[in-house]
Amino acid sequence: MSEAAPLLQVDGLRKYFPVRGGLFRRVVAQVRAVDDVTLQLRRGQTFGLVGESGCGKSTLGRSIIRLQEPTGGRVLLDGTDITRLGRQALLPYRRRMQMIFQDPYASLSPRRTVAQTLREPLDIHQIGTPKEREHQVSQLLDVVGMSARVLNRYPHEFSGGQRQRIGIARALSLKPDLIVADEPVSALDVSVQSQILNLIADLQREHGIAFLFIAHDLAVIQHVSDVVGVMYLGKLVEVADATALYSSPKHPYTRALMSAIPQPEPGSGRQRIMLEGDVPSPMNPPSGCPFHTRCPDAMAKCAELTPQFTNLGSERSPHAVSCHLYGHDS
Amino acid sequence: MTATPLLKVTDLAIEFSTPQGRVRAVDGISFDVYENETLGIVGESGCGKTVTGLSLLGLIPSPPGRIAAGSIELAGRNLAKLDEAAMREVRGGEISMIFQEPMTALNPVFTVASQMTDVIIRHKGLTRAQARREAIDMLGKVGIPAPARRLDDYPHQMSGGMRQRVMIAMALACGPKLLVADEPTTALDVTTQAQVIELIGQLQREFRMAVILITHDLGVVAETCQRALVMYCGRIAEQAQIEPLFRSPRHPYTHGLLDSIPRIRDQRLTQLPTIAGRVPDLLNLPPGCRFADRCTRAQEDCRTAEPELTQAGQSAFACYHPIGHQPAEPVA
Amino acid sequence: MNAQPPASDTIAAPPERRESLWTKAAYKFRRDRVGVWSLAVVLVYMAIALGVVFGWWATSWAELEGGKWEPPSAEHWFGTNIIGQDIFDRAIYSTRTSFEVGLVVAILATALGAVLGALAGFFSGSWTDEIILWFMGVLDSIPFILFVAAIAYSLGDTPYAMHVAMISTFWITAGRLVRGEVIKLRGQEYVEAAHAIGVPELTIIFRHVLPNTSHILLVQATITFVAAIKSEVILSFLGIGVKDGMSWGLMIAESTQEVLAGFFNNFLAASVLLFGLVMAFNLFSDALQDALDPRTVAES
Amino acid sequence: MELLQFSVRKLIAGVPLVIGVTLISFLLMVYFGPDKTFDLLGKNPTAEQIAEVREQLGYNKPFLVRYGEYVRELVTFNFGASESTGEPVTSLLARTIPVSVALALPGFILGNLLGVALGLLAAYYRGGLADKFIMGSAAIGMSISFLIVIIAFQIIFSSSFGLNLFPVRGWDVNSIGDYVSYVTVPTLATVFVALGYNTRFYRSVIVEEMSRDHVRTARAFGVPPAPLFYKLILKNALIPIITRIMFSIPVIIISGSLLLEQYFGIPGVGKATYDAIVTGDQPVLKAVVALTAILLVIVQLLTDILYRAVDPRVSLK
């Protein structure tokens with residue numbers, strides 16, 4: 001595997017949900033949840049994906065690992081297009097991409113013990129002998145900081161943070177190359193949140209797993225990400241190295257998002273960029289730049305022309321922004 | 001700030017009966033709220049902050065819950081002793097409340113007009129036409145565009161942010177002295193949340209009312225409140241003005257909480273500070289300080305008797321070994 | 001308060017209360033006095049029914065042992081009927097009939113509803129779902145008694161026409177309930193996790209989804225049991241129920257002539273026994289539902 | 001206009017259901033239904049005679065052809081006359097349906113009205129003594145078989161062993177007075193049996209609505225219990241209530257209360273249909289099936305329109 005080839009290459013990925021109506025349940029509209037997204041992820045790297053609810057970030061994550069069938073575009077895992085593989089052909093790739101979920105109360109099957117939950121992936125993919133699997137399950141618990149004594153317990157006997165650890169152990173069981181983590185800490189209390197974030201950061205360092213880390217909170221994203229992408233109405237609007245993005249956000253939406261986070265520092269006296277109104281419906285996205293209806297810097301052409309990505313960074317550390325403020329023609 | 005508090009809560013205890021036994025969700029808390037101020041009540045889930053808010057309006061679901069002890073005095077009247085009919089006069093009149101879930105908090109089968117005018121007519125005794133004018137006026141004040149037209153909408157025709165604005169308009173329609181806001185922005189997106197926080201602050205100043213803001217988000221507290229209390233396991237851990245609370249927290253829990261909030265930093269940390277362990281079970285509380293098991297400063301005395309809330313310097317806190325240089329004033 | 005190395009927050013198992021969902025439900029059920037008593041009554045009936053099956057009692061239910069309409073006596077506790085059969089024996093024997101009808105219908109109808117409901121729910125929006133829903137809608141639309149009558153006559157003289165008819169209508173309620181629940185469950189993240197692991201769809205349905213509807217199925221089975229024994233009485237009365245053997249419905253049918261002549265023993269024996277069983281089962285079903293209610297189980 | 005478009009769409013969408021109902025009824029009542037061959041022939045028929053009669057009856061045609069003919073007769077409302085009595089089917093229905101409706105309607109209305117009222121009452125005093133009493137009575141009511149109630153009420157109200165106030169059986173209605181005297185006992189029995197189920201259902205619907213967030217909001221704004229229940233909660237609970245009531249209507253019209261009609265000897269449509277099934281009276285059965293299908297589609301349409309009237313979230317589009 002050459003250094004340059006990315007582990008994950010997403011090309012123009014689209015996921016539209018049909019809206020049916022009328023007599024024969026014809027498709028009367030499309031919800032463009034993910035609309036032409038391109039991104040890359042290197043081995044062992046974490047891509048932080050941030051955006052508000054309904055921007056399509058979860059759908060993007062699920063479409064990448066084929067929990068939802070993409071409408072168009074390609075997803076290459078180590079150079080293989082997995083978007084059109086059948087169930088059997090996909091199975092070996094399933095092993096290499098796993099997911100961590102948002103709701104620790106819904107992500108574990110309530111009638112199955114910890115041991116059953118953690119063994120299932122090993123059984124399905126027939127990894128090792130049954131004896132080895134048992135050993136592996138205990139090891140997994142150890143990795144996520146839990147004692148093997150809990151193996152025969154049911155999920156409801158654990159707290160949210162503990163369940164999230166079990167969920168992480170399940171994702172690790174197949175030793176994947178890529179984990180999609182969908183808001184893994186947003187349902188947890190602050191004090192537990194940081195425990196889980198630390199765990200994820202540690203795992204990433206120690207096991208060299210690449211993460212697609214999805215969150216609505218820019219502060220959470222910063223702690224774990226190497227590269228950050230900002231999504232709005234199904235499209236990426238800015239992608240850059242974390243350092244570059246946090247030190248100088250370019251897209252007006254990124255800047256507004258950053259300034260909107262309430263800071264636990266009284267009297268910090270920050271200038272807040274207040275956005276007007278609500279996010280438009282993805283069923284009927286605005287023409288041109290999707291953000292122009294709420295953008296404080298909108299110009300006349302924003303309503304007409306869809307902006308292209310411009311690299312404001314260097315060749316080695318790109319900083320891509322999709323905004324007319326930075327276009328070559330402006 | 002006037003010398004006499006608008007709301008005086010003393011030794012409030014709220015009990016729930018569960019199949020496993022009685023549980024004190026709130027266990028002897030006291031605090032004051034003054035006119036024209038915003039008080040934050042912060043804490044993690046299950047700390048009793050929401051129950052406290054509900055108790056102020058007599059909305060504790062009963063059974064299984066009840067106010068087991070203490071008093072809630074609003075302008076000299078003990079609300080904990082009022083009967084249901086008298087309490088109804090208070091609700092929506094003198095005290096209003098807004099909730100976390102704007103999507104479900106409004107009745108889906110009645111128009112905004114109907115829901116708002118009902119409240120106004122009930123508390124102000126106006127005619128329907130007058131109430132309607134007031135409602136339009138209020139919707140305008142909370143920043144709903146074309147309020148006269150939106151008034152006849154049903155809730156499902158509005159976005160989450162709009163519905164929360166309608167809730168706020170309804171809450172303020174009768175000029176309450178106190179607004180209890182329970183996680184009013186938690187269910188909203190960051191950019192909408194910023195709008196709503198701004199709005200509550202602006203209306204608080206305009207109406208000169210007292211606001212109790214219940215939230216788990218210390219960032220929201222820092223930006224909107226003058227004073228805050230930090231709750232842990234049904235007790236007040238620390239209470240202070242915002243400045244000292246955030247700059248020099250005295251209770252180790254406050255400190256830990258502040259430390260572990262993810263925030264945008266100049267440098268990415270390798271390890272976020274955390275609070276080890278988890279909140280104890282209310283059915284199975286440790287004998288001493290409820291935070292002792294998770295506290296790095298805990299000593300023998302912390303595990304034997306529970307510390308009382310004590311004023312020292314700018315803060316009041318319930319801790320034997322607080323953080324900071326100021327020596328604690330002798331305990332009475 | 002400093003950062004803790006992750007090793008030190010290794011999480012010990014919670015020391016308190018080790019309970020599975022079922023033991024928790026059992027605990028709640030035991031605290032419900034009405035529930036426990038009703039279960040006891042149901043068990044007594046069941047013992048009576050088993051005794052009949054093993055031939056311990058009520059063996060002579062069909063024999064002519066006395067005169068017409070004898071009053072209760074030491075020999076015939078409830079008296080005799082119009083042709084001199086012992087009413088007590090007949091009523092006891094009918095307990096077995098009720099249990100047989102109730103159990104067969106409840107188990108099969110619930111199982112059928114579970115499988116079809118789960119398939120419809122899991123593949124909701126697909127053709128599988130459409131067809132199952134259509135089937136439910138159609139069967140639901142035909143008035144029950146007419147449907148049973150039609151089935152009874154088209155199946156001819158088989159003793160199981162009534163069972164078939166009940167199963168083919170009673171599965172629908174279970175099916176709809178399970179379908180609704182499965183639609184909720186299939187969006188749950190643990191189902192997605194199973195997909196992500198590569199678990200085959202049918203395994204997901206039967207291993208991850210259906211077990212989580214078991215509380216609904218259990219309660220529904222008890223409700224179906226009651227519905228079945230109540231329907232049996234009415235169908236037997238109409239002459240399209242129990243064909244050979246004896247049942248409370250047949251006894252009541254017999255008694256319709258007698259009551260106008262002022263002879264109530266047959267009617268009372270069947271009615272009281274039927275009422276006792278149905279009442280106990282209804283109360284048991286309620287208590288079971290409360291104990292299994294996930295909304296209260298999930299608390300604390 | 002919107003309503004008209006909606007109705008047309010809805011009627012077309014009802015086609016699969018109509019097909020289903022006719023198919024099942026055809027299968028059960030005609031295809032596998034009673035064989036009339038030997039009814040038409042005398043004793044000891046020859047093989048040729050049998051074949052001839054079967055030919056006439058169409059028994060030897062393929063399934064689809066027979067079903068097709070069956071549907072054609074349904075669609076053209078070409079039912080003919082009853083095979084048992086020779087009475088034209090239309091006149092049979094016109095005679096029996098009003099009787100069934102008159103018999104079942106008072107009980108149906110009272111049962112639902114009282115059910116809603118008791119359900120509200122129980123929900124309002126949830127956990128209290130009134131709730132326990134009402135729900136306890138409902139549990140008892142639900143546990144008594146309809147058949148037992150009918151017999152017991154007949155003994156109590158109509159026999160010389162009881163009050164002897166009303167006629168024992170029959171339906172000889174020429175005036176309001178007659179109507180009341182014949183309908184009272186069946187109505188009492190219906191209400192007695194339906195009330196348990198209805199009360200339970202309506203209580204659980206209302207309790208469910210009581211737990212909604214918007215009810216807490218209303219309470220937080222000082223809405224008194226009376227308007228809270230009779231206005232805010234009840235309107236939200238109307239959807240399941242409407243569903244329950246509307247979908248009982250076809251059952252009432254078609255099978256009426258078969259048990260009541262059978263027991264009290266009342267010439268309603270339920271009894272007529274039952275007799276038709278028993279004797280394999282095809283013309284009557286066809287008419288009833290056609291009527292069922294039409295009623296179902298109409299009821300579904302009306303239900304949807306009613307939903308729209310009470311819940312603004314329901315769209316007719």
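Being a predicted model, the structure only gives us computed values, none of them experimental. Here is the naming used below: chain letters follow the sequence lines, and residue numbers restart at 1 for every chain.
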Take atom [atom1] in [X]; do more than 12 heavy atoms of anything else shown fall under 6.0 Å from it?
X: D:Arg216; atom1: CZ; result: yes
X: C:Phe135; atom1: CZ; result: no
X: C:Trp37; atom1: CH2; result: no

Can you tell which part of [X] gets under 4.5 Å to a heavy atom of chain C, answering side chain, backbone, both or neither?
X: D:Tyr274; result: both
X: D:Leu296; result: side chain
X: D:Leu295; result: neither
X: D:Ile24; result: side chain
X: D:Ile155; result: side chain

Which atom pair, heavy atoms only, marks the closest approach of [X] to [Y]?
X: D:Phe146; Y: C:Ile234; answer: CB-CD1, 4.2 Å
X: D:Ile140; Y: C:Met279; answer: CG1-CE, 3.4 Å
X: C:Leu283; Y: D:Ala139; answer: CD2-CB, 4.2 Å
X: C:Lys230; Y: D:Met142; answer: NZ-O, 2.6 Å

Sort [X] into side chain, backbone, both or neither according to what part of it lies under 4.5 angstrom from a heavy atom of chain D.
X: C:Leu238; value: both
X: C:Phe281; value: neither
X: C:Leu139; value: side chain
X: C:Asp286; value: side chain
X: C:Ile229; value: neither

Quiz item: Are any non-hydrogen side-chain atoms of D:Thr292 and C:Ile142 less than 4.5 angstrom apart?
Solution: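 No. Closest side-chain heavy atoms not under 4.5 Å.
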
Interatomic distance, [X] atom [atom1] to [Y] atom [atom2] [nearest 0.5 angstrom]:
X: D:Ile148; Y: C:Trp248; atom1: CD1; atom2: CH2; result: 9.5 Å
X: C:Ser255; Y: D:Leu147; atom1: OG; atom2: CG; result: 7.5 Å
X: D:Ser143; Y: C:Asn282; atom1: OG; atom2: CG; result: 4.0 Å
X: D:Ile151; Y: C:Phe267; atom1: CD1; atom2: CZ; result: 5.0 Å

Exercise. Could you label the plane-to-plane angle of the C:Phe264 and D:Phe161 rings as parallel, tilted or perpendicular, counting under 30° as parallel and over 60° as perpendicular?
Key: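 Ring orientation, 0 to 90° scale: perpendicular.
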
